[in-house]
Amino acid sequence: MCGIIGILGNHEAAPILVEALKRLEYRGYDSSGIATVESEGSIDRRRAVGKLVELQDKLVFQPLKGKVGIGHTRWATHGEPNEENAHPHNSGAVSVVHNGIIENFLELRHELRCDGYKPETDTDTETIAMLCSKFIDEGHEPIDAARKTLLKLSGSFAIAMLFAGHENLMIAARSGSPLAVGYGKNEMYLGSDALALLPMTKKITYLEEGDLAILAREGVDIYDHLGNLVSRPIKYLNQSTNFYDKSGFNHFMEKEIYEQPVALETAIKSYICDKNVGAKINLLKELNFKEIPKIILIACGTAYYACYVAKYWIEKLAKIPVEIDIGSEFRYREPPIEKGTAAIFVSQSGETADTLAALRYCVGKAKIIISIVNVSTSSIARESDQVLEIHAGPEIGVASTKAFTCQLAVLFLMTLKAAQDRSEISEINIAKTVSDLKSLPSTLNQYLGSTNSIQDIAYKLSTASDVLFLGRGLMYPVALEGALKLKEISYIHSEGYAAGELKHGPIALIDDSVPVIILAPCDELFEKNISNMHEVIARKANVTLISDKEGLQSAGSIVKNTIEMPRTNKLLTPLVYALPIQLLAYFSAVSKGTDVDQPRNLAKSVTVE
Ligand code: AGP
């Protein structure tokens with residue numbers, strides 16, 4: 001999704017804006033631009049298609065002056081990714097950057113055309129600038145013009161505006177897409193998220209839905225959607241900025257794959273009390289799952305596959321029926337929400353529009369709204385009754401890795417708590433299972449120390465055009481996730497399937513050009529997986545079997561490519577088998593030379609529907 005930066009500073013803004021935009025690159029983009037109000041009051045801008053280095057090159061030969069400016073990385077929604085459609089968009093005395101979608105922009109453009117304002121681009125954002133410029137031409141001051149403009153917009157947006165002749169004014173508005181204000185020493189900042197503001201300030205305020213912020217170097221006035229002057233809480237960020245350092249890895253995704261043991265340890269420790277004997281699970285203490293007749297788990301993408309794994313865990317251990325769905329479908333099927341239901345929303349960013357909209361559908365219907373997020377200050381977290389942080393640390397690579405395993409860890413601990421509340425699990429069993437969970441980080445650490453065989457298999461995968469991932473039980477959602485990982489960063493078409501479904505259609509795909517990855521820990525479903533393996537080998541498939549030592553020995557030499565996994569508590573295999581599928585995707589993408597951290601067309605946080 002688009003990234004927004006604003007600076008009302010005492011130094012030349014252009015280089016600082018570009019540096020801040022670099023910290024928003026992880027969101028995914030296809031063009032960028034900045035605009036400044038120069039000292040004599042005129043507005044000027046530079047824009048470039050492609051990566052930020054293109055904009056930097058332009059600024060070397062055509063520098064921008066001015067100590068107040070706005071910047072933007074664009075993920076195209078309306079209008080192809082080119083320089084003309086890149087933000088900022090100017091009209092008259094107004095310059096605008098925007099994240100989101102203005103749903104009524106065509107109607108507004110028509111009205112503006114009738115008033116003599118001719119659009120120059122295909123974007124919805126230009127309409128905002130034209131509308132505000134029209135109100136200024138009619139004699140309104142910038143703040144009133146901005147207010148009148150916002151009243152005409154429908155859709156979701158985060159907006160920052162500059163005005164020619166106003167060297168100490170920036171106007172920001174939030175409706176559906178996040179925006180944070182940062183406080184400096186006689187300077188003020190604006191950012192789509194706190195990560196971009198961190199190197200400039202740790203003191204920030206998140207705008208709420210419907211807020212309008214009037215920034216000057218001296219401070220900010222924030223008005224709510226009713227026009228009342230409000231004070232929003234000031235937060236002090238404690239994140240270090242080194243998360244933007246690849247720490248010697250080639251990509252953020254690689255770094256985040258190898259960070260998983262540490263991230264998992266942090267996630268697990270934050271919800272386990274070791275003080276007394278055994279293990280006290282320290283989450284959702286005020287909630288007794290005995291009173292919860294049903295759980296719904298809603299998410300998108302990788303987070304949804306974490307929910308899928310959790311469905312198996314919760315129904316098996318806590319004996320609570322679980323409904324799962326993807327955010328983009330859930331609310332449109334208008335599902336009845338049973339009295340007493342716990343609605344749980346899983347989201348790394350906490351800003352995914354489809355998941356947030358599903359959460360809002362459940363407000364007033366579910367007994368409790370719980371979110372499991374990586375960003376505790378996110379919109380989804382702020383609109384939940386209870387928040388469970390996954391403590392994965394900032395995840396910069398667009399492809400979710402450590403967030404997935406940390407989501408699983410928190411969902412598993414929540415499952416154990418639910419089973420405990422409902423007396424479905426003995427204290428001894430809890431202690432044993434928690435002990436297995438706590439030993440997982442070191443198990444993963446050892447495994448990550450010896451992954452060479454995966455690179456060879458991945459390089460062969462990278463030449464395929466169709467790949468099939470198969471799994472049963474807990475490995476079925478992991479197969480789905482493996483297919484998503486591979487397709488989203490290597491652009492290879494891949495599908496995850498329940499292995500038992502093979503004979504109901506997908507086996508027609510199989511021939512010697514289709515690699516099949518089979519996820520099969522040596523458990524009660526192993527033999528059935530091996531039968532499926534023989535079915536595809538008989539049709540010349542190039543099979544990779546991912547199993548533990550016992551499983552590989554039992555499978556025998558018929559399978560050529562194998563990946564050996566450590567043996568663990570069978571309930572925890574999704575956290576273990578997540579690693580080889582991440583590494584297969586990573587090394588395949590490296591072999592293909594795709595943009596691993598910012599795959600084409602993708603964004604880290606999808607804040608539009
Ligand atoms: C996963 O690798 C993708 N980047 C994507 O599917 C992601 O999981 C999805 O967009 C949900 O994001 P969220 O967890 O921030 O809500």
Side-chain angles (χ1 to χ4, degrees), residues 1 25-29 75 177-178 192-193 195 251-254 256-257 260 263 297-310 324-330 344-360 371-384 387-408 410-411 469 477-478 480-492 494 496 578-579 581-586 588-589 594-609:
M1 284 304 94
E25 283 193 289
Y26 75 92
R27 298 163 72 93
Y29 70 105
W75 186 81
S177 296
S192 299
D193 60 33
L195 303 183
H251 300 97
F252 283 111
M253 181 181 178
E254 184 189 22
E256 288 151 9
I257 289 173
Q260 287 179 108
L297 290 167
I298 310 293
C300 299
T302 290
Y304 171 68
Y305 298 138
C307 294
Y308 213 140
V309 171
I324 56 173
D325 205 344
I326 49 179
S328 55
E329 286 297 313
F330 177 74
I344 302 174
F345 301 86
V346 181
S347 173
Q348 188 284 133
S349 63
E351 298 297 349
T352 298
D354 288 321
T355 309
L356 179 57
L359 182 153
R360 289 171 176 166
S371 58
I372 297 176
V373 297
N374 198 26
V375 182
S376 62
T377 53
S378 61
S379 305
I380 287 173
R382 292 208 299 267
E383 298 189 24
S384 301
V387 179
L388 296 177
E389 272 193 81
I390 65 169
H391 301 290
E395 186 176 71
I396 310 303
V398 164
S400 195
T401 50
K402 62 177 181 174
F404 177 60
T405 44
C406 289
Q407 285 163 357
L408 288 174
V410 175
L411 283 161
F469 286 78
V478 179
L480 294 170
E481 167 61 7
L484 174 63
K485 283 278 107 33
L486 185 66
K487 72 178 75 147
E488 70 174 319
I489 64 170
S490 68
Y491 316 152
I492 296 170
S494 30
L579 270 58
I581 58 168
Q582 292 166 358
L583 290 165
L584 280 173
Y586 174 72
S588 297
T594 55
D595 188 340
V596 172
D597 285 330
Q598 295 156 31
R600 67 186 181 194
N601 310 336
L602 290 184
K604 182 62 183 172
S605 173
V606 185
T607 56
V608 292
E609 283 198 32

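Whatever order the structure lists ligands and atoms in, that order sets their numbers, starting from 1.
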Nearest non-hydrogen partners of Val596 and Ile489, listed with the distance: O-CG2, 3.9 Å

Per-atom contacts, ligand 1 versus Ser400 - under 4.0 Å to a heavy atom: 1 (C), 2 (O)

Contact atoms of ligand 1, heavy-atom distance to Lys485 under 4.0 Å: 1 (C), 2 (O)

Contact atoms of ligand 1, heavy-atom distance to Gln348 under 4.0 Å: 13 (P), 14 (O), 15 (O), 16 (O)

Shortest protein contact, atom 11 (C) of ligand 1 (heavy atom only): Cys300 O, 3.4 Å

Atom indices of ligand 1, in the order listed, that fall short of 4.0 Å to a heavy atom of Ala399: 2 (O)

Ionic contact status for Lys402 with Glu395, cut-off 4.0 Å: no

Check: Gln260/Thr405 side-chain N/O donor and acceptor closer than 3.5 Å: yes

Numbering as shown, the atoms of ligand 1 that approach Ala303 to under 4.0 Å (heavy-atom distance): 8 (O), 14 (O)

Modelled atom types, side-chain donor and acceptor of Thr302 and Lys485, under 3.5 Å: yes

Non-hydrogen side-chain atoms of Ile372 and Ile390 separated by less than 4.5 Å: yes

Distance-only polar pair, side chains of Ser384 and Ser371, donor-acceptor under 3.5 Å: yes

Smallest separation among heavy atoms of Ile298 and Ile326, with atom names: CG2-C, 4.3 Å

Heavy-atom side-chain proximity of Val387 to Val373 below 4.5 angstrom: yes

Nearest protein heavy atom with distance in Å, relative to atom 4 (N) of ligand 1: Val398 O, 2.8 Å

Heavy-atom nearest neighbour in the protein, as seen from atom 16 (O) of ligand 1, with distance rounded to 0.1 Å: Thr352 OG1, 2.5 Å

Nearest-neighbour protein heavy atom for atom 6 (O) of ligand 1, which is reported as residue plus atom name and distance: Gly301 CA, 3.2 Å

Heavy atom of the protein closest to atom 10 (O) of ligand 1 (residue, atom name, distance): Val606 CG2, 4.1 Å

Polar atom proximity, Ser347 to ligand 1 (N or O, under 3.5 Å): yes

Heavy-atom nearest neighbour in the protein, as seen from atom 3 (C) of ligand 1, with distance rounded to 0.1 Å: Glu488 OE1, 3.4 Å

Proximal ligand 1 atoms for Thr302, defined as those under 4.0 Å from one of its heavy atoms: 1 (C), 2 (O), 6 (O), 8 (O)

Exercise: identify the closest heavy-atom pair between Gln407 and Ser347: NE2-C, 4.1 Å

